[in-house]
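Notes follow once the structure below has been shown.
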Amino acid sequence: CAFTQLSCEDLQTAYHTSCIDEALETANILLALNADHEAVCTALLRPALLYADIPLEDVQEQFGERLAHLLAGVQKMGAIEAAGNINSQANVVENLREMLLTMIDDVRVVLIKLAERCYMLRNLSHLDTLQQRQIARVTLTIYAQLANRLGIHELKWELEDLAFRYLEPQIYKEIAKHLNEKRLDREKYINAFMVELSRLLNAAGVKHEIYGRAKHIYSIYRKMQRKHTDYYGIYDAMACRVLVHNVEDCYKVLSIVHAEWEHVPAEFDDYVATPKPNGYRSIHTVAVPDKNKPVEVQIRTYEMHELNEQGVAAHWAYKEGAVAKSSMEQKIAWLRQLLEWQQELASEEALPAALQQNIVADRVFVFTPTGDTISLSAGSTPLDFAYHIHSEIGHRCRGAKINGTIVPLTYQLQTGDKVEIITGKESKPSRDWFNPASGYLKTPRARAKVHNWFKKLDYDHNISEGNIILERELKRFNLKNVNVEDLAKQFHLKSTDDFLAALGAGDIRSNQLANILQPRVEKAEEFAAPITPRKSDTTHSSILVAGVDDLLTHIAGCCKPLPGDAVIGYVTQGHGITVHRKDCEVAATQQSGHSDRMLEVNWGSKKDTLYTVDLFIEALENPDLLREITSLTSIEKVTIVDLKLQRNHKRLTTAIYLTLELSDIEKLAQIVAKISQLPNIYKVKRL
């Protein structure tokens with residue numbers, strides 16, 4: 001109330017009367033799990049964010065970063081519900097991955113979310129039947145499984161029973177009725193059994209505590225289904241639990257039970273010697289004091305009991321005032337439990353089929369030396385990890401340790417690895433890292449960072465090369481006193497050095513520079529190239545000049561417009577009308593000197609004419625690159641008219657100048673998009 005600056009009455013009026021009850025009851029559930037004060041405070045603040053629309057920034061300002069972090073983590077847990085109503089698969093998968101990382105990083109977000117879900121199930125009576133069933137189904141298939149995977153049986157059993165009550169109300173009532181029938185007789189019978197067992201244990205000198213165990217309706221139902229039997233075929237409808245101080249006493253109790261009464265061999269399980277995957281440990285056996293009245297006996301130590309009931313919550317201890325990092329072994333075990341939970345969701349189709357294999361199938365989850373969790377693409381290397389942490393860590397990387405052992409930089413990371421990067425004082429990436437066959441880098445993000453480093457390293461050299469190219473072009477056009485700053489602006493570059501470096505690196509081609517430097521209008525005729533139609537001997541019917549066809553037209557070779565481009569016409573001597581793109585630099589020069597020769601032109605309705613267009617492709621050196629590009633154009637039924645290849649062995653890159661025949665700008669956009677998706681492609685652009 002102090003936080004929202006509202007009274008309790010104001011709060012109840014602002015959203016709903018159970019707001020404070022929700023906060024307090026959720027906090028009490030967490031206290032029963034021995035959660036720390038920060039988790040409890042988070043539960044108390046959650047309704048303010050949900051119902052009063054309090055910004056997370058305000059929480060951080062008034063309560064600190066850790067509480068805000070916990071609240072944000074609990075919000076991310078909402079990705080579970082969002083996965084059921086999938087609108088954008090890519091977003092849902094990414095949200096689920098973020099949720100998984102949050103859960104790995106801080107187990108308390110899971111405990112808070114499970115406590116919230118438990119409160120919700122306890123208070124479903126005000127909702128309609130459809131809403132009750134929807135909430136119960138998500139609880140049973142997802143949240144109860146999560147609680148089980150984490151070993152928090154105290155919550156698991158309650159979530160299962162409450163959800164089952166709304167999903168199968170008739171069966172729930174029938175089993176509950178059987179449990180209530182002759183309840184007094186059953187309690188009298190089990191009490192007599194416990195008194196006798198306690199007497200035997202005292203005689204043997206075994207210190208112990210014994211009590212009747214409440215039976216969970218959903219677990220009875222599952223056993224009935226699994227064993228294809230009715231209620232009377234379930235052996236553990238009556239049960240007791242024996243707590244002792246050490247493992248040796250567990251087996252003493254087992255020996256005494258088996259010596260005194262008959263037992264059912266098929267119902268004996270030793271989870272002390274072989275714990276369940278979620279860490280559950282206990283000895284289960286079924287004694288038969290009376291022919292038709294078997295009793296299940298669970299035997300465990302006090303420590304086992306605490307871990308069994310609270311699971312991972314008991315493993316992760318948080319100190320007052322600061323979060324204490326658990327041991328790496330605990331965190332890895334916790335990660336594996338979460339991944340197994342995700343696999344359970346997939347196998348039981350709790351998530352849509354489209355998501356089942358996408359959440360973690362192509363990811364690895366590794367740890368930094370401080371225990372933080374990093375998600376990377378499957379097949380990633382220690383170098384990918386280093387560049388993910390920070391560019392400088394990658395540039396200075398000299399080696400790596402995985403789980404304390406030095407490994408090659410080409411080692412493929414495995415889920416659960418603890419990664420430590422060995423760095424030098426100076427940035428010294430290797431050009432070998434570019435080569436895909438070498439196996440140093442998997443992720444495009446890391447490759448791009450290495451590429452940019454070498455690009456900056458070559459900057460001064462490229463400036464010198466650019467100066468040579470510029471002087472050569474100026475001499476060819478017999479130009480003097482050209483303002484290089486203006487040239488840089490025309491190529492949308494910030495400085496003359498950036499312009500010269502781009503020219504020297506090949507990012508700006510000589511023919512592009514020539515188009516900018518064209519001094520005379522007549523020179524434009526040298527760039528004009530007649531259209532080569534595929535299905536017609538004439539060209540004029542594909543262009544309308546001022547609304548009139550049957551005029552001789554040509555496509556400008558400097559900008560090579562396509563149907564769909566905004567175009568303009570220029571009257572050339574002896575060549576009719578040359579059609580340029582409106583953003584063409586040559587056309588702009590012509591218009592400034594001879595505006596009277598400019599005409600409005602439009603594309604005609606003819607659809608079967610093909611036009612040439614130039615593309616520039618920059619890619620990492622790859623022996624399969626040309627084959628992939630030519631295969632793609634073949635599939636798309638696009639003809640390659642010309643292809644030139646330039647390799648930069650120093651930068652380990654390949655520049656490809658490609659001339660294609662296309663029908664219109666839509667087809668061009670389609671081809672550019674598909675080439676961009678090929679592996680190791682840095683850049684694809686139209687010239």
Side-chain angles (χ1 to χ4, degrees), residues 153-154 156-157 160-161 164 171-276 280-302 304-305 308-309:
H153 293 87
E154 188 174 334
K156 167 191 175 284
W157 287 323
E160 286 179 340
D161 277 2
F164 183 58
I171 301 175
Y172 179 92
K173 289 177 182 177
E174 289 178 3
I175 297 175
K177 180 181 177 182
H178 283 300
L179 287 175
N180 287 328
E181 285 178 353
K182 300 180 180 179
R183 181 172 58 85
L184 293 177
D185 290 341
R186 188 174 62 253
E187 288 179 357
K188 183 178 179 181
Y189 178 80
I190 193 69
N191 286 336
F193 174 81
M194 289 191 295
V195 168
E196 179 61 16
L197 176 56
S198 184
R199 185 187 67 78
L200 294 171
L201 296 179
N202 287 331
V206 178
K207 293 182 179 180
H208 66 282
E209 181 181 342
I210 186 170
Y211 59 90
R213 182 173 65 87
K215 192 57 196 168
H216 302 282
I217 294 177
Y218 185 69
S219 63
I220 292 176
Y221 169 74
R222 287 291 298 270
K223 281 196 174 184
M224 289 166 57
Q225 295 292 104
R226 190 167 61 251
K227 296 186 176 184
H228 304 288
T229 185
D230 58 14
Y231 171 81
Y232 297 102
I234 303 302
Y235 286 111
D236 57 350
M238 290 187 289
C240 70
R241 182 172 289 151
V242 181
L243 303 183
V244 294
H245 289 281
N246 53 58
V247 174
E248 183 182 355
D249 284 347
C250 288
Y251 289 101
K252 283 184 180 179
V253 175
L254 177 65
S255 176
I256 291 170
V257 170
H258 283 185
E260 183 67 19
W261 296 287
E262 291 184 15
H263 66 281
V264 182
E267 296 297 319
F268 172 72
D269 292 296
D270 186 353
Y271 297 120
V272 172
T274 309
K276 290 184 178 182
Y280 180 89
R281 299 180 71 199
S282 184
I283 296 174
H284 294 189
T285 190
V286 174
V288 190
D290 194 315
K291 184 176 181 181
N292 294 318
K293 294 181 179 180
V295 177
E296 183 191 54
V297 181
Q298 294 184 358
I299 309 163
R300 59 182 66 163
T301 66
Y302 287 96
M304 291 176 194
H305 179 65
N308 290 346
E309 296 303 295

Open item on the list: Set out, in order, the CA-CA distance, both residues' side-chain angles and the distance that settles side chain to side chain contact (heavy atoms under 4.5 Å, CB included) for I210 and F193, then state yes or no.
Closed with: CA-CA 11 Å; I210 186 170; F193 174 81; 5.7 Å; no

With rounding to the nearest 0.5 Å, note down the distance linking [atom1] in [X] to [atom2] in [Y].
| X | Y | atom1 | atom2 | result |
| --- | --- | --- | --- | --- |
| L201 | E209 | CG | CD | 12.5 Å |
| L197 | I299 | CG | CD1 | 8.0 Å |
| D269 | K276 | CG | NZ | 8.0 Å |
| K156 | Y218 | NZ | OH | 8.5 Å |
| I171 | Y221 | CD1 | OH | 4.5 Å |

Open item on the list: Does V247 form a side chain to side chain contact (heavy atoms under 4.5 Å, CB included) with M304? I'd like the steps, not just the answer.
Closed with: CA-CA 10 Å; V247 174; M304 291 176 194; 3.8 Å; yes

Open item on the list: Between T285 and W261, does the side chain to side chain contact (heavy atoms under 4.5 Å, CB included) criterion hold? Intermediate values first, please.
Closed with: CA-CA 11 Å; T285 190; W261 296 287; over 6 Å; no

Open item on the list: When you compare the side chain of E267 with that of H284, does any pair of heavy atoms fall below 4.5 Å?
Closed with: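 When only atoms from C-beta onward are counted, E267 and H284 do not touch, as no gap falls below 4.5 Å.
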
- [ ] Give the ring-plane orientation class for Y302 versus H245, where under 30° counts as parallel, over 60° as perpendicular and anything between as tilted.
- [x]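 The rings of Y302 and H245 sit tilted, inter-plane angle from 30° to 60°.
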
Open item on the list: Using 30° and 60° as the class boundaries, would you call the ring planes of Y271 and Y280 parallel, tilted or perpendicular?
Closed with: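 Because their plane-to-plane angle is over 60°, the rings of Y271 and Y280 count as perpendicular.
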
Smallest separation among heavy atoms of [X] and [Y], with atom names:
| X | Y | value |
| --- | --- | --- |
| F268 | I283 | CE1-CG2, 3.9 Å |
| D290 | V288 | O-CG1, 3.0 Å |
| V295 | A239 | CG1-CA, 4.2 Å |
| K207 | V244 | O-CG1, 3.8 Å |

- [ ] Inspect the surroundings of CD in E262 and state if more than 12 heavy atoms from other residues, nucleotides or ligands are less than 6.0 Å away.
- [x]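 Open.
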
Open item on the list: Between D249 and K252 (side chain of the first, backbone of the second, donor and acceptor by atom type, cut-off under 3.5 Å), is there such a pair?
Closed with: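 Judged by distance alone, no pair lies under 3.5 Å.
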
TODO: Start with the C-alpha gap between R300 and L243, add the side-chain angles, then the distance that decides, and say whether side chain to side chain contact (heavy atoms under 4.5 Å, CB included) holds.
DONE: CA-CA 5 Å; R300 59 182 66 163; L243 303 183; 3.4 Å; yes

